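Before any comments, here is the structure.
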Amino acid sequence: MRIVLFGAPGSGKGTQAEKLVADFGIPQVSTGDLLRAAVAADSDLGRAAKAAMDAGELVSDEVVIGMIRERLAEPDAENGFILDGFPRSLPQAEALDELLAELGRPLQGVIHLAVDNEEIVHRLLARGRSDDKEETIRNRLQVFDRQTQPLADYYRRQGKFADVVGEGDIGAIHEQIRRALPSDA
Ligand code: B4P
């Protein structure tokens, strides 16, 4: 199974990816987690990413695409993966399509978790990660609308896009995602 969980920051991509990992035994690949690990390790990549993350801006496409290329080459991704938080821009989506075409394993589906912005602000303030301050959250939501939302049309045109309402009971949302999975996944 090769799918993307798509949605605004705080829409529950990480939460739902964990459940799919438990169901299908394939890895969750979260660019947010990979970037936070690089920041914690104080690597060159982490130092380059930190300022953008603290401001709620996207880290450069070049950095993130390089990271994904390496991660998807690892043996555990051979049988599939759940991408969480990637792609977030058109160049990232195009790079992903190219990479998967090279591997002969195209993406099967993109599941969109739709959540109201005020619900997102409420959730992330309650989570309280270092980038979960109200001003940063609102900037992340604007960045999503501007740079990431256009990917919905990109994947709709490929016939790979499905919407799921991401509000309410976490287990019920998981069931909706299961129903929205592509039939060949
Ligand atoms: P991410 O780590 O991707 O952070 P996120 O979008 O906030 O998280 P997610 O949607 O997974 O929400 P979660 O399940 O945790 O990105 C952080 C930063 O990294 C970005 O701002 C950017 O700078 C950088 N970055 C990452 N990827 C990048 C890329 N591809 N390109 C460039 N830059 C990139 O859920 C959030 C909260 O809601 C949790 O507390 C959870 O418990 C709660 N929740 C979940 N489901 C719920 C429900 N149904 N009801 C109530 N609460 C719920």
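Computed from heavy atoms alone, side chains included, the values below leave out hydrogens, waters and symmetry copies. Computed from a predicted model, the values in this text were never measured in an experiment. Every number for a ligand or one of its atoms is a count from 1 in the order of the listing.
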With a heavy-atom distance limit of 4.0 Å, tell me whether D61 approaches ligand 1 through its side chain, its backbone, both, or neither. neither

When you measure from atom 23 (O) of ligand 1 to every protein heavy atom, which one gives the shortest distance, and what is it? E57 O, 2.7 Å

Tell me, which pairs form a side chain to side chain donor-acceptor pair (under 3.5 Å) where one or both residues lie in residues 164-174, sequence neighbours left out? D23-H174

Give me the nearest non-hydrogen protein atom to atom 27 (N) of ligand 1 as residue plus atom name, then the distance to 0.1 Å. T31 OG1, 2.8 Å

In terms of heavy-atom contacts, does CD of E102 have more than 12 from other residues, nucleotides or ligands at under 6.0 Å? yes

Around atom 8 (O) of ligand 1, find the nearest protein heavy atom and jot down its residue, atom name and distance. G10 N, 3.7 Å

Pick, from V59, L35, V39, the option with the minimum heavy-atom distance to atom 25 (N) of ligand 1. L35

Considering non-hydrogen atoms of the protein only, which is the closest contact for atom 31 (N) of ligand 1, and what is the distance? Q92 NE2, 2.9 Å

Heavy-atom count around E62 CD within 6.0 Å, excluding the residue itself: above 12? no

Could you name the option among Q147, R127, E167 that has the heavy atom nearest to atom 39 (C) of ligand 1? R127

Contact check, R36 vs ligand 1, heavy-atom distance below 4.0 Å: yes

Atoms in ligand 1 flagged as close to A8, the criterion being non-hydrogen separation under 4.0 Å: 10 (O)

Contact check, side chains of L124 and R127, non-hydrogen atoms, under 4.5 Å: yes

For atom 26 (C) of ligand 1, what is the nearest protein heavy atom, given as residue, atom name and distance? R88 NH1, 3.3 Å

In the protein, what heavy atom is nearest to atom 48 (C) of ligand 1, and what distance, to one decimal place, separates them? R123 NH2, 3.3 Å

Honestly, for V143 the part within reach of ligand 1 (heavy atoms, under 4.0 Å) is neither

